[in-house]
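Below is one structure; the comments refer to it alone.
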Amino acid sequence: GGELPVEEWERRHRSLTRMLWVTAAILAAFSYLSGYHDAHALLHVAVLLPLALAAASRKLSRLMRTLICSLGLLTGAALGVHIAGGVIEAHFAFFVVVVLLTVYEDWVVFALAVGYVLVHHGVLGMFAADQVFAQPDQYAHPWRWAAIHAIFVAAAGVAGLITWRLNEDV
């Protein structure tokens with residue numbers, strides 16, 4: 001167990017930071033194809049750019065860069081849900097992100113992911129439910145559905161952590 005060696009963390013972090021840049025490009029295209037042709041479309045990408053730059057900054061600590069990159073990827077998933085109008089299929093992006101984040105092998109990252117989904121879905125569900133959810137029951141009970149989504153994200157994270165631990169034993 002323990003923390004990843006610096007060289008291995010750097011390799012993994014570079015890959016995830018690249019994925020954050022790719023996510024920004026995909027969201028730009030998805031925004032345009034979904035009918036966003038104004039400043040709103042630019043905001044979908046603009047929010048990710050400072051996070052990608054900060055994640056790559058060697059001036060920040062390893063933990064800070066890990067958390068910033070993780071936050072960026074989670075935000076990318078949230079923006080995908082928003083652009084798609086809250087349809088359930090768009091939420092699958094959170095599961096992809098959680099699996100990607102397993103490469104950090106860090107419990108703090110999973111706590112961030114679960115907390116992000118809970119707060120994002122709950123708060124936005126209260127004020128703009130149609131941007132997070134797609135069904136009337138979800139609009140009426142955003143915190144219930146936020147908790148359900150967070151539990152499943154936590155389960156995906158735990159599955160990833162179990163796999164990580166079993167691989168360490170090999």
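Along the sequence shown, residues carry numbers from 1.
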What distance separates [X] [atom1] from [Y] [atom2], expressed to the nearest 0.5 Å?
X: Ile26; Y: Leu79; atom1: CD1; atom2: CG; result: 13.0 Å
X: Leu16; Y: Ile68; atom1: CG; atom2: CD1; result: 14.0 Å
X: Asp106; Y: Leu63; atom1: CG; atom2: CG; result: 6.5 Å

Least distance between heavy atoms, [X] atom then [Y] atom:
X: Val98; Y: Ala113; answer: CG2-CB, 4.3 Å
X: Leu112; Y: Ser70; answer: CD2-CB, 3.8 Å
X: Tyr104; Y: Cys69; answer: OH-CB, 3.5 Å
X: Ala24; Y: Val45; answer: O-CG2, 3.5 Å
X: Val132; Y: Gly125; answer: CG2-N, 4.0 Å
X: Ala84; Y: Ala90; answer: CB-CB, 3.7 Å

Please collect all side chain to side chain donor-acceptor pair (under 3.5 Å) contacts where either partner lies in residues 16-29, sequence neighbours excluded, each pair once. His13-Thr17
Any salt bridge (Lys or Arg N to Asp or Glu O under 4.0 Å) pairs touching residues 130-139, not counting sequence neighbours? Asp137-Arg144
Just by modelled atom types, is the [Y] backbone N or O under 3.5 Å from a matching donor or acceptor in the [X] side chain?
X: Gln138; Y: Gln135; result: yes
X: Arg65; Y: Ala54; result: no
X: Ser57; Y: Leu53; result: no

Can you check whether [X] reaches [Y] side chain to side chain, under 4.5 Å on heavy atoms?
X: Val6; Y: Trp9; answer: no
X: Leu73; Y: Leu51; answer: no
X: Leu161; Y: Thr102; answer: no
X: Met64; Y: Lys59; answer: no

Keeping to residues at least two apart or across chains, list the ring-ring contact (aromatic ring centres under 6.0 Å, His included) pairs with something in residues 109-132. His91-His121, Phe94-His121, Tyr116-His120, His121-Phe133, His121-His149
Cluster question for you: counting only ILVMFWY and a side-chain heavy-atom cut-off of under 4.5 Å, with indirect links fine, are [X] and [Y] together?
X: Leu74; Y: Val99; value: no
X: Ile88; Y: Trp145; value: no
X: Val96; Y: Val117; value: yes
X: Val108; Y: Leu4; value: yes
X: Leu71; Y: Trp107; value: yes

By salt bridge (Lys or Arg N to Asp or Glu O under 4.0 Å), Arg12 pairs with (sequence neighbours left out) Glu8, Glu105
Test salt bridge (Lys or Arg N to Asp or Glu O under 4.0 Å) applied to Arg62 - qualifying residues, sequence neighbours left out: Glu3
Extract all donor-acceptor atom pairs below 3.5 Å that involve side chains of residues 27-36 and protein atoms in other chains or at least two apart in sequence.
residue	atom	partner	partner atom	Å
Ser31	OG	Leu27	O	2.8
Ser31	OG	His44	ND1	2.6
Ser34	OG	Phe30	O	2.8

Determine whether Val87 and Val81 satisfy the following criterion, side chain to side chain contact (heavy atoms under 4.5 Å, CB included), listing intermediate values before the conclusion. CA-CA 7 Å; Val87 298; Val81 169; over 6 Å; no
